[in-house]
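In what follows, every heavy atom counts, from backbone to side chain, and hydrogens, waters and symmetry copies are set aside.
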Amino acid sequence: MATEMKAREYKGLDRDEMISIYRTMYMSRRIDDKEIQLKGQNKIFFQISGAGHEAVLVAAGMALKPAYDWFYPYYRDRALCLQLGMTPLEQLLSAVGAEADPNSHGRQMPSHWGHKRLNIVSQSSPTGTQFLQSVGCAEASHRAALLDELKAKVVGFKGDEVVYVSSGDGTTSEGEFWEALNTACNLKLPVVFLIEDNGYAISVPVEVQTAGGDVSKLVEGFPNLYIQRCDGTDPVESVETMRRAVEHCRERRGAALVHAKVIRPYSHSLSDDEKLYRPDEERTADAERDPVKRFGALLVEEGLVTQEELQEIKDAVDHEVNQATDQALASPQPAPETATRFVYSPDVDPTSAEFDTEDGAELSGNAGTMVDLINRCLHTEMARDPSIVVFGEDVADCSREENLEKVKGKGGVFKVTANLQRKFGATRVFNSPLAEANIVGRAIGLATRGLKPVVEIQFFDYIWPAYHQIRNELALMRWRSAGDFKAPVVMRVPVGGYLKGGAIYHSQSGSTIFTHTPGLRVVYPATALDANGLLRTAIRSDDPVLFLEHKHLYRQAYNKSQYPPDDFMIPFGKAKTVREGTDLSIITYGALVQRSLVAARQAEQQGINVEVVDLRTLAPYDWKTITRTVKKTGKIIVAHEDSLSFGYGAEIAARISDELFEYLDAPVRRVAALDTFVAYAPQLEDAILPQVEDVFKAITELYSY
């Protein structure tokens, strides 16, 4: 009877639950301690602990449902993962870099959590990137609830699943935290934000990080945000708090934020020494709040266990951890030949014949511009595949749906997405905030749940806030999880200059930065027909794709085309020889294709026969066609719009020199923009960007070499 009375005092937790909480907390701490020991023995290579955070994390695991809800943890969340069902062996396999490690199969540091079966989505090192992805994950459920045809497309759709995302207090300084809160509150998404506030971001204290030193006070103005605070070192209080927050989200009343005050009894990681910046009295005060020690003592004091029984629990955990350690140390690391697996999809090959319906395709109707044919592709693909969602800045016809019949509709600043919302509805076609990281981060979360986001970054010049998400998250999701998770997002991006007035921030062409990113496909059509076929391939492929649409080419008469059939596709890595020649070859793409053709026609008047090859895709590129044209003419110009130094042409030129040197009759020549920025004044713009006369000059000089 006494035990039952005590259980009622502990918010309904019975004796077995109280003991189970302690066991998981102690397990988490002992794995930390074991890893620290292994690091000292040089048997593992990195360690970062969850010490001091265990109580609120076990509570979170108890409030949520493994393999039902979705989880975006951070590196302190060891105890959460244990509570959800990850085993000590699985965590230690990560520490030793074993191939059998379910977190990343030896590809990431320890404590970078991921578990496909448990819906723990692969975590990365950058702090804060997980926030927007968790919002996208929850948004998939939200949109499926609004539209029946999405329900079967969203992986794990139950109708009441909740998404958990966590971070330390320092990470709330990242802009993506605020962007995520903005969208989660705006759409009333079922996301539980757990902020584990141990007072420090490595050595920087919270009052330096955060105005007023209390992030939950700062966010009180967000509508539809249920804010709860708790002592994160108290398991009972934490369970009660987390259950309230989770229930709020499960009932679809909006997002929740739990601000848990915890401690950090160990240094930030084994690469840090907190004695350098924390005085002894502060560290001693933290130690007195140690959740593992305090809760163990509480169990004994309340008569829930004897001291001997508590020791038996500890001994059993220690034995389990030691056994798991021996197994992990004996587990093999990944074989060297596996290093390049899962950079791209192993299941869908967009370079294959399956994606090649180009030859013999019957065209019909009046000729349309690149804008027209991209728009047609989006319409036909959205009709074919209900999992496609389109969003970005200004892409909808009219966000206020009640006004749709009164207005013509926006449909993007270049009208590329015109009438998509009108045709497919605002659940599938919608505007985003003016925040590029928000667009890509949410798209990653949506794609993780099985939807196919085709997003627009309004101008390439403003893609840089999203670069963090693209480089560290989107392109890496499949590789870092060894194929357990993927995010096949298509990013449509207007790019390039030759605009007469585009100036610095509407004329950029930095494609090289993205072609240098493994895992990302980069596509750059020069004609309306190519844009249609390549976009269809991008949408149907299983990899993330950066689809670059040159603004100058959007409405040119010379690249117009009649409309192809709805299954028209051009495979990636298939160049097109747009002009046959015998004397020298120009390898190019984008706006330089037409300029090269004009220059080639001028050269023909001087008896020079020039071949022009349009690469069409930059990653991958068509080495077979490049090899053929080098062997054919022996003289090569690589022309592109971006700056000369360190540009895309340097890679092509270097590889030709490396592998095809014996076929060259002259050095490989490059034509590109000056190593500066694009100016507003037309005369300056013309001088900066490569013109027809620049290509023609290179032709005549190389021909006479």
Got a second to check how far [X]'s [atom1] is from [Y]'s [atom2], nearest 0.5 Å?
X      : Y      : atom1 : atom2 : result
His112 : Ser481 : NE2   : OG    : 13.5 Å
Trp70  : Leu118 : CH2   : CG    : 11.0 Å
Gln123 : His115 : CD    : NE2   : 14.5 Å
Glu436 : Ile470 : CD    : CD1   : 9.5 Å
Ile444 : Leu132 : CD1   : CG    : 8.5 Å
Phe193 : Gln130 : CZ    : CD    : 10.0 Å

Any donor and acceptor pair, going by atom type alone, linking the side chain of [X] with main-chain N or O of [Y] inside 3.5 Å?
X      : Y      : value
Trp479 : Arg107 : no
His142 : Ala138 : no
Ser111 : Ile48  : yes
Asn375 : Val416 : yes
Asp77  : Leu80  : no
Arg492 : Ile457 : no
Ser141 : Val162 : no
Asp69  : Val163 : no
Lys452 : Ile539 : yes
Thr171 : Ser167 : no

Kindly give the heavy-atom pair with the smallest separation between [X] and [Y], and that separation in Å.
X      : Y      : result
His53  : Asn198 : NE2-ND2, 3.0 Å
Ala245 : Val192 : O-CG2, 4.0 Å
Phe131 : Val165 : CD2-CG2, 3.8 Å

Is the closest side-chain donor-acceptor distance between [X] and [Y] under 3.5 Å?
X      : Y      : result
Gln469 : Gln133 : yes
Thr427 : Arg143 : no
Tyr72  : Asn119 : no
Ser124 : Asn472 : no
Gln209 : Ser173 : yes
Arg76  : His268 : yes
Asp484 : His105 : yes
Arg229 : Thr241 : no
Ser345 : Asp543 : no

- Is the count of non-hydrogen atoms from other residues, nucleotides or ligands lying under 6.0 Å from Lys158 atom NZ greater than 12? yes

Side-chain contact test, heavy atoms from C-beta onward, threshold under 4.5 Å: evaluate it for [X] versus [Y] and give yes or no.
X      : Y      : result
Lys261 : His259 : yes
Phe547 : Glu549 : yes
Pro494 : Phe460 : no
Leu92  : Val96  : no
Thr448 : Cys137 : no
Ile195 : Phe177 : yes
Thr172 : Val219 : no
Asp542 : Tyr344 : no

- Task: Decide ring-ring contact (aromatic ring centres under 6.0 Å, His included) for Phe485 and Trp113; before the verdict, give the C-alpha distance in whole Å, the side-chain angles of both, and the deciding distance to 0.1 Å.
- Result: CA-CA 12 Å; Phe485 295 95; Trp113 311 113; over 10 Å; no

Carboxylate-amine/guanidinium proximity below 4.0 Å for [X] and [Y]:
X      : Y      : answer
Glu393 : Lys410 : no
Lys153 : Glu149 : no
Arg384 : Glu381 : yes
Arg78  : Asp32  : yes

- Message: So that I know where these two stand, are Phe414 and Phe459 an aromatic pair - ring centroids less than 6.0 Å apart?
- Response: yes

- Message: For Phe430 and Phe391, take the angle between the two ring planes, folded into 0 to 90°, and tell me which bin it lands in: parallel under 30, tilted 30 to 60, perpendicular over 60.
- Response: parallel

- May I have the step-by-step check of side chain to side chain donor-acceptor pair (under 3.5 Å) for Asn438 and Thr183, ending in yes or no? CA-CA 8 Å; Asn438 179 288; Thr183 295; 2.9 Å; yes

- Can you list the steps and then say if Val389 with Val454 is a side chain to side chain contact (heavy atoms under 4.5 Å, CB included)? CA-CA 6 Å; Val389 292; Val454 181; over 6 Å; no

- Task: Check step by step if side chain to side chain contact (heavy atoms under 4.5 Å, CB included) holds for Arg428 and Val390.
- Result: CA-CA 6 Å; Arg428 292 181 64 196; Val390 171; over 6 Å; no

- Item | CA sep, side-chain torsions, deciding dist, call: Thr380, Arg536, side chain to side chain donor-acceptor pair (under 3.5 Å) | CA-CA 9 Å; Thr380 59; Arg536 188 169 285 104; 3.1 Å; yes

- Task: Test Glu402 against Arg400 for salt bridge (Lys or Arg N to Asp or Glu O under 4.0 Å), laying out the working first.
- Result: CA-CA 6 Å; Glu402 66 273 16; Arg400 292 173 176 165; 5.2 Å; no

- Task: With Glu473 as reference, evaluate Arg478, Arg480, Arg442 under the salt bridge (charged side-chain N to carboxylate O under 4.0 Å, His left out) test and give the passing residue.
- Result: Arg480

- Given Asp394 and Gln458, is the side chain to side chain donor-acceptor pair (under 3.5 Å) satisfied, shown in steps? CA-CA 8 Å; Asp394 298 300; Gln458 196 167 90; 2.8 Å; yes

- Evaluate the side chain to side chain contact (heavy atoms under 4.5 Å, CB included) criterion for residues Leu189 and Val135: first the C-alpha distance (whole Å), next the side-chain angles of each, then the deciding distance (0.1 Å), finally the verdict. CA-CA 7 Å; Leu189 298 176; Val135 166; 3.5 Å; yes

- Query: Does the ring of Phe157 carry Arg449 above it, NZ/CZ under 6.0 angstrom from centre and within 45° of its axis?
  - Reply: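 No - Arg449 does not lie over the ring of Phe157 by the 6.0 Å and 45° rule.
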
- Query: Should Arg252 and Asp160 be marked as a salt bridge (Lys or Arg N to Asp or Glu O under 4.0 Å) after you check the CA-CA gap, both sets of side-chain angles, and the distance that decides it?
  - Reply: CA-CA 7 Å; Arg252 295 304 187 254; Asp160 68 342; 5.8 Å; no

